[in-house]
Visitor: 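First, the structure itself, so that you have it in front of you.
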Amino acid sequence: MYLSSSRAADASAGVVRDRPGIRRAVAGTVVALGLVSMVTDVSSEMVTAVLPLYLVAGLGMTPLAYGLLDGVYQGVTALVRLAGSYAADRTHRRKLVAGSGYALSAVCKLGLLAVTTPWAIGAVLAADRTGKGLRSAPRDALISLSTAPEDQGRAFGVHRTLDTAGALLGPLAAFAVLWPARDAYDAVFQVSFCCAVFGVLLLALYVREPRAPRHPAHPPRPGLVRALRTLAGTPGVPRLSLAAVLLGAATLSDAFLYLVLQQRHHLDARWFPLLPVGTAAAFLLLALPVGRLADRVGRLRVFLAGHGALLAAYLLLLVPLGGGAQLPATAALFVLLGVFYAATDGVLMAATAPLLPPALRASGLALVQTGQAVGRFGAAVLFGAAWTALGPATALAGAAGVLAAALALCLPVLVRDRSSAAGKAAV
């Protein structure tokens, strides 16, 4: 539906222009990257779907310890994201850097077969997140550089739709593997590794590096410090980075929310791996239409509205429910989380990308992503500590208060949001 009809256009710039009477298509590079992400997400979500309950219920890890582990899982990408994205921009080898990240994550799936203690598992997961840190910004830069400015939201929506299809299939695959034997975790890791390797092959064979624009003379490439200084002086980028930090610090991982849901509803452990499927299904359905909506009405408006949906999800988990209301409330939680991801994951990148010079596209995206990762690291650690000391309900109420305050602080960015379908920047 969104494949480019022009191989030449994709090979040269990755952007398909309008023709009379023909709807503009998303570049083939975007779809190929979406398929890579889909297969890789099947691999990743097979593992993440079973880890929270396995570590907390199976190995007896406390919520505080799990919070530290989840914080590392969320935040370790910040350690390599900027350096990896800068290397991608400096060498113009974004595909190579992204491929290295995908390959590292694939190797880590084998590493999970060799470790048995919680903290050894944590070390492998940190290496896996290092791979994610290497690949995320170069991949998003490839998407952005292959897409016209006015279609950034739609392109990221297509990519996130395919990516989320993998997030939906991964837990189903884990469930299918574990159903005959509830402790067959090695089999989950083996299938996950095979999927990850397939994703690397797809990237190598079908993703094309957009050609850099030719100039009569190329200016010297700035060092890392100068590149960061340039990004810090780029209008809109510091403001987006600050908003990403503030809102990230109030964003709890799905794993924590699913653990709260499992405790409140006393779900059978064997059904736990299926909880992410509901969220992924909602995200899958909403990613593309919400991305197109963001192009029309303003990307930052949609981004903040997505965090409003997350706040509603927190509040829903705090409401005491009777037996008859549990199923509708659970479905509503999945929808709210799906809205949150559809309105934030790709939309933030679509809002940031048009502000950045092409030569620093990956580095600029990484700067914003790093702020978000640092905020989420703090959120995971603090929520785990609050749960251990005060219980899940009090900890979740505190997280809701922090998110409401963060939204109030970030609302002023709407004053300068000028995104439109004409392709203007989203700030």
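Numbers for residues simply follow the sequence, beginning at 1.
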Visitor: Looking only at heavy atoms, what is the nearest atom pair of Pro171 and Pro276, with distance?
Guide: CG-CB, 3.8 Å
Visitor: Using side chain to side chain contact (heavy atoms under 4.5 Å, CB included), reason through Leu247 and Gln372 one step at a time and then give a plain yes or no.
Guide: CA-CA 7 Å; Leu247 293 170; Gln372 192 175 53; over 6 Å; no
Visitor: Grab the two heavy atoms, one from Val39 and one from Leu202, that are nearest each other, plus how far apart they are.
Guide: CG2-CD1, 3.8 Å
Visitor: Extract all donor-acceptor atom pairs below 3.5 Å that involve side chains of residues 191-200 and protein atoms in other chains or at least two apart in sequence.
Guide:
| unit_1 | atom_1 | unit_2 | atom_2 | d |
| --- | --- | --- | --- | --- |
| Ser192 | OG | Ser43 | O | 2.7 |
| Ser192 | OG | Ser43 | OG | 2.8 |

Visitor: Indicate the atoms forming the closest heavy-atom contact of Ser241 with Val368, along with that distance.
Guide: OG-CG2, 3.6 Å
Visitor: Measure the spacing between CG of Leu382 and CZ of Phe377 and express it to the nearest 0.5 Å.
Guide: 9.0 Å
Visitor: For residues 386-393, please give each side-chain donor-acceptor pair under 3.5 Å, one per line with the distance, not counting sequence neighbours.
Guide:
| unit_1 | atom_1 | unit_2 | atom_2 | d |
| --- | --- | --- | --- | --- |
| Thr388 | OG1 | Leu64 | N | 2.8 |
| Thr388 | OG1 | Gly384 | O | 2.9 |

Visitor: Yes or no on side chain to side chain contact (heavy atoms under 4.5 Å, CB included) for Leu252 and Leu403, after CA distance, side-chain angles and deciding distance?
Guide: CA-CA 10 Å; Leu252 303 179; Leu403 179 54; over 6 Å; no
Visitor: Please collect all side-chain hydrogen bond (donor to acceptor under 3.5 Å, both in side chains) contacts where either partner lies in residues 134-143, sequence neighbours excluded, each pair once.
Guide: Ser105-Arg135, Asp140-Arg160, Asp140-Gln369
Visitor: Whether the side chain of Lys95 engages the backbone of Ala204 through a donor-acceptor N/O pair (distance < 3.5 Å, no angle test) should be reported.
Guide: yes
Visitor: Which heavy atom in Asp128 sits nearest to a heavy atom in Cys108, and how many Å separate them?
Guide: N-SG, 3.4 Å
Visitor: Would you call Leu257 and Tyr314 a side-chain contact if the rule is heavy atoms closer than 4.5 Å?
Guide: yes
Visitor: Measure the spacing between CG of Leu33 and CZ of Arg208 and express it to the nearest 0.5 Å.
Guide: 12.5 Å
Visitor: Measure the CZ-CG distance between Arg90 and Leu360 for me, rounded to the nearest 0.5 Å.
Guide: 11.0 Å
Visitor: Could you give the distance from CG (Leu356) to CE (Met349), rounded to the nearest 0.5 Å?
Guide: 9.0 Å
Visitor: Taking 4.0 angstrom as the limit, do Glu209 and Arg94 come out as a salt bridge?
Guide: yes
Visitor: Would a distance-only check, ignoring hydrogens and angles, find a side-chain to backbone donor-acceptor pair under 3.5 Å from Arg376 to Thr251?
Guide: no
Visitor: Rounded to the nearest 0.5 Å, how far does CG of Leu168 lie from CG of Asp163?
Guide: 11.5 Å
Visitor: Could you list all the ring-ring contact (aromatic ring centres under 6.0 Å, His included) pairs where at least one residue sits in residues 289-313, not counting sequence neighbours?
Guide: Phe303-His307, His307-Phe340
Visitor: Can you measure from CZ (Arg129) to CG (Leu104) and round to the nearest 0.5 angstrom?
Guide: 10.5 Å
Visitor: Looking at Arg299 and Gly153, what are the two nearest heavy atoms and their distance?
Guide: NH2-N, 4.2 Å
Visitor: State, to 0.1 Å, how close Pro210 and Leu145 come at their nearest heavy-atom pair, and which atoms those are.
Guide: CG-CB, 4.2 Å
Visitor: Starting from the C-alpha separation in whole Å, work towards a yes-or-no answer on side chain to side chain contact (heavy atoms under 4.5 Å, CB included) for Leu304 and Cys410.
Guide: CA-CA 8 Å; Leu304 293 177; Cys410 292; 4.0 Å; yes
Visitor: Using residues 279-289 as the side-chain source, report each donor-acceptor pair under 3.5 Å to any protein atom, sequence neighbours left out, with the distance given to one decimal.
Guide:
| unit_1 | atom_1 | unit_2 | atom_2 | d |
| --- | --- | --- | --- | --- |
| Thr279 | OG1 | Tyr258 | OH | 2.8 |

Visitor: Are the side chains of Val245 and Val374 in contact, using a 4.5 Å heavy-atom criterion?
Guide: no
Visitor: Between Gln152 and Ser144 (side chain of the first, backbone of the second, donor and acceptor by atom type, cut-off under 3.5 Å), is there such a pair?
Guide: yes
Visitor: Is there a side-chain contact between Leu300 and Leu240, using heavy atoms and a 4.5 Å cut-off?
Guide: yes
Visitor: What pairs meet the side-chain hydrogen bond (donor to acceptor under 3.5 Å, both in side chains) rule with one or both residues in residues 394-408, with sequence neighbours excluded?
Guide: none
Visitor: Start with the C-alpha gap between Thr164 and Tyr341, add the side-chain angles, then the distance that decides, and say whether side chain to side chain contact (heavy atoms under 4.5 Å, CB included) holds.
Guide: CA-CA 10 Å; Thr164 308; Tyr341 283 114; over 6 Å; no
